[in-house]
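Notes follow the structure.
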Amino acid sequence: MGGVTRMARTLGLVTAGAAVGGVLAGGGFAAARQFGWTGAALTVVTESRSLSPGVLSTNVVCPRGHRAVGGGYAYHGDHNREEPVIVEVNAPQDISDPPDGVPEAWSLVFLSSRKKRVTVEVHAVCTSR
């Protein structure tokens with residue numbers, strides 16, 4: 001009987017996860033329509049950065065004619081409480097000259113107390129203007 005209960009519980013969790021995923025996707029489509037992103041193709045720009053002990057301020061620039069609508073990072077390696085890697089900034093950035101108020105890049109600032117270099121992947125999610 002325990003196997004049947006576990007299977008029912010697992011099926012319930014999978015069903016709930018699918019329902020929540022559908023709601024989140026629907027919300028994302030609604031937000032895209034609200035901001036005029038319908039029909040726009042998304043481009044993800046990914047670059048690697050070497051993070052030494054200390055501070056690294058960097059950005060990922062979208063292709064010409066695109067704007068940043070999202071971004072982030074991936075840190076690969078062990079996570080150590082005594083030597084953390086902290087992300088202080090993870091936000092859109094307007095790099096145009098003169099400034100036109102449209103973020104064309106994704107900005108990140110890392111603080112590392114690691115004794116050795118680590119690699120981080122930085123990402124910008126871009127769409128055509």
Side-chain angles (χ1 to χ4, degrees):
M1 190 70 169
V4 172
T5 304
R6 244 180 293 164
M7 184 190 303
R9 192 175 315 144
T10 302
L11 183 59
L13 290 173
V14 169
T15 303
V20 169
V23 168
L24 290 174
F29 293 131
R33 278 194 300 276
Q34 178 183 356
F35 292 109
W37 298 337
T38 55
L42 293 178
T43 301
V44 178
V45 179
T46 300
E47 299 174 358
S48 291
R49 301 288 190 268
S50 180
L51 178 57
S52 299
V55 177
L56 171 66
S57 178
T58 189
N59 64 22
V60 183
V61 180
C62 291
R64 183 177 291 282
H66 287 69
R67 66 179 172 185
V69 294
Y73 66 95
Y75 167 70
H76 302 285
D78 61 330
H79 296 274
N80 184 334
R81 289 185 201 166
E82 284 79 37
E83 298 178 349
V85 173
I86 300 168
V87 180
E88 285 288 318
V89 175
N90 186 10
Q93 179 183 17
D94 179 8
I95 60 170
S96 63
D97 191 26
D100 63 359
V102 176
E104 302 94 353
W106 201 260
S107 177
L108 297 120
V109 176
F110 296 92
L111 302 175
S112 176
S113 61
R114 304 297 306 248
K115 291 181 177 70
K116 61 181 183 176
R117 287 182 179 263
V118 294
T119 301
V120 292
E121 290 179 355
V122 291
H123 311 279
V125 179
C126 311
T127 186
S128 55
R129 292 187 194 190

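For the side chain to side chain contact (heavy atoms under 4.5 Å, CB included) test, residues two or more places apart in sequence or in another chain that qualify with Pro84 are Ile86, Ser113. With sequence neighbours excluded, the residues satisfying side chain to side chain contact (heavy atoms under 4.5 Å, CB included) with Val109 are Val55, Ser57, Glu88, Val89. Looking at residues two or more places apart in sequence or on another chain, you find no side chain to side chain donor-acceptor pair (under 3.5 Å) involving Asn80.
Heavy-atom minimum distance, Ser96 versus Glu104: CB-OE2, 3.1 Å. Glu83 and Arg114 get closest at one heavy-atom pair: O-CD, 2.6 Å. When all heavy atoms of Ser52 and Ser112 are compared, the pair lying nearest together is O-CB, 3.7 Å. A pairwise comparison of heavy atoms in Val69 and Thr127 identifies CG1-CG2, 3.6 Å as the closest pair. Of all heavy-atom pairs spanning Ala124 and Trp106, the tightest one is CB-CB, 3.9 Å. Contact record, Cys126 with His66: CB-CB, 4.0 Å, taken as the closest heavy-atom pair.
Members clustered with Val61: Ile95, by chain and number, using a 4.5 Å side-chain heavy-atom cutoff among hydrophobic residues.
When ring centroids are compared, Phe110 and Tyr75 stay outside the 6.0 Å threshold.
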Compile the donor-acceptor pairs under 3.5 Å between side chains in residues 44-51 and protein atoms, sequence neighbours left out, one pair per line.
from	atom 1	to	atom 2	distance (Å)
Thr46	OG1	His123	ND1	2.8
Glu47	OE1	Arg49	NH1	2.9
Glu47	OE1	Arg49	NH2	2.6
Arg49	NE	Thr58	OG1	2.7
Arg49	NH2	Thr58	OG1	3.4
Arg49	NH2	Asn59	O	2.8
Ser50	OG	Arg117	NH1	2.9

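In the hydrophobic clustering of this structure, Tyr73 groups with Val118; members are Ile, Leu, Val, Met, Phe, Trp, Tyr whose side-chain heavy atoms approach within less than 4.5 Å, directly or through other members. Taken together through direct or relayed side-chain contacts under 4.5 Å among Ile, Leu, Val, Met, Phe, Trp and Tyr, Val60 and Val87 form part of one hydrophobic cluster.
Among residues at least two apart or in separate chains, there is no disulfide (SG to SG under 2.5 Å) pair with a member in residues 65-97.
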